[in-house]
J.: 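Have a look at the structure that comes next, please.
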Amino acid sequence: MGTGASDFERAVAAVIDATGPGEVVTFGEVATEAGYPGRARAVGAFLAHHGDGHPWWRVVTASGRLVPGGEDEHGRRLRDEGVEVRDGHVRRPRR
DNA sequence: TATCTGACGATAG
DNA sequence: CCTATCGCCAGAT
């Protein structure tokens, strides 16, 4: 076994799992931090299918936009950690 | 193998 | 703030 998850998924999961409460990161940031710059979409795909078990709610788009279709739950989770959420979007983590 | 889709990113209008 | 377009990659069909 060793072939289950790819290095990409493993690295991405590690970065997301390394985030702390109240901390917000973007998909592109996670990809870059994981060592795979430009794979922001792959990060989203990973969370969409394997996000369970990881603090996926701490990951938002580069514009601070929350998960489309799950803004209510996403925003609720972030607010629960002390993150300022405004109308389905969080204060831009990147300026 | 080709094509489509999508929890992305950036730029342009 | 919005849509449109292009570039990017992984998984599904």
Side-chain angles (χ1 to χ4, degrees):
Chain A
M1 299 113 57
T3 55
S6 299
D7 293 341
F8 172 76
E9 300 182 359
R10 211 165 7 230
V12 170
V15 173
I16 298 173
D17 192 64
T19 60
E23 180 177 4
V24 179
V25 294
T26 69
F27 288 94
E29 182 121 85
V30 173
T32 301
E33 283 289 309
Y36 295 83
R39 277 105 177 127
R41 290 189 87 152
V43 175
F46 167 69
L47 290 179
H49 294 278
H50 305 277
D52 201 29
H54 302 283
W56 57 267
W57 55 90
R58 297 207 276 239
V59 184
V60 302
T61 71
S63 301
R65 205 61 167 164
L66 302 187
V67 172
E71 300 176 6
D72 47 297
E73 183 173 333
H74 197 160
R76 178 159 50 96
R77 293 222 186 215
L78 289 175
R79 279 217 175 219
D80 191 56
E81 295 191 340
V83 179
E84 289 185 68
V85 182
R86 189 79 171 178
D87 188 48
H89 72 88
V90 91
R91 194 75 165 196
R92 303 188 205 161
R94 294 280 201 103
R95 243 183 337 164

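Chain identifiers are assigned alphabetically (A, B, ...) following the order of the sequence lines, protein sequences preceding nucleic acid strands; residue numbering begins at 1 within each chain.
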J.: Any Lys/Arg nitrogen of A/E81 or A/R77 sitting under 4.0 Å from an Asp/Glu carboxylate oxygen of the other?
T.: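 Salt bridge flag = no for A/R77 with A/E81.
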J.: Measure NE2/A/H50 against P/C/dG11 and give the value in whole Å, please.
T.: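 In whole Å, C/dG11 P lies 8 Å from A/H50 NE2.
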J.: Tell which nucleotide pairs with B/dA12, taking only Watson-Crick or G-U wobble pairs whose two distances are both under 3.5 angstrom.
T.: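 With both distances under 3.5 Å, B/dA12 matches C/dT3.
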J.: Applying the ring pair (Phe, Tyr, Trp, His ring centres under 6.0 Å) criterion to A/W56, which one of A/H50, A/H74, A/H49 satisfies it?
T.: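 Output: one option passes, namely A/H74.
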J.: Find the distance A/F46:CZ to C/dC8:P and express it as a whole number of Å.
T.: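 About 24 Å, once rounded to whole Å.
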J.: Could you check how far CH2 of A/W57 sits from P of B/dA7, rounded to whole Å?
T.: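 Between P of B/dA7 and CH2 of A/W57: 19 Å.
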J.: Give one of base, sugar-phosphate or nothing for A/A48, where a contact means two heavy atoms less than 4.0 Å apart.
T.: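 Since a base atom lies under 4.0 Å of A/A48, the category is base.
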J.: A/L47 CG to C/dG11 C1': how many Å, rounded?
T.: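 Answer to the nearest Å: 15 Å.
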J.: Please report the distance, rounded to the nearest Å, between CZ in A/F8 and P in B/dC8.
T.: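 Answer to the nearest Å: 13 Å.
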J.: When you measure from the side chain of A/E29 to the backbone N and O of A/T26, does any donor-acceptor pair fall under 3.5 Å?
T.: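 Between the backbone of A/T26 and the side chain of A/E29 there is no qualifying donor-acceptor contact (under 3.5 Å).
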J.: Rounded to whole angstroms, how far apart are NE2 on A/H49 and P on B/dA7?
T.: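 Going from NE2 in A/H49 over to P in B/dA7 covers 8 Å.
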J.: Where the side chain of A/A42 is concerned, which of B/dA10, C/dA10, B/dA7 is the nearest nucleotide?
T.: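 When the side chain of A/A42 is considered, C/dA10 is the closest of B/dA10, C/dA10, B/dA7.
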J.: Could you point out which residue of A/E33, A/H54, A/R58 forms a side-chain hydrogen bond (donor to acceptor under 3.5 Å, both in side chains) with A/T19?
T.: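 Among A/E33, A/H54, A/R58, the one meeting side-chain hydrogen bond (donor to acceptor under 3.5 Å, both in side chains) with A/T19 is A/R58.
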J.: Starting from P on B/dA10, measure out to CD on A/E29 and report it in whole angstrom.
T.: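 Distance, rounded to whole Å: 11 Å.
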J.: Taking atom types as they are modelled, is there a donor-acceptor pair under 3.5 Å from the base of C/dC8 to the side chain of A/R41?
T.: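 Between C/dC8 and A/R41, which were checked side chain against base, a qualifying N/O pair under 3.5 Å is present.
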J.: Calculate the interatomic distance between A/E33 atom CD and B/dC8 atom C1'; express it in whole Å.
T.: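 A/E33 atom CD is separated from B/dC8 atom C1' by 17 Å.
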J.: Which one, B/dA7, C/dC9, B/dG9, comes nearest to the side chain of A/T26?
T.: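 Closest nucleotide to the A/T26 side chain: B/dG9.
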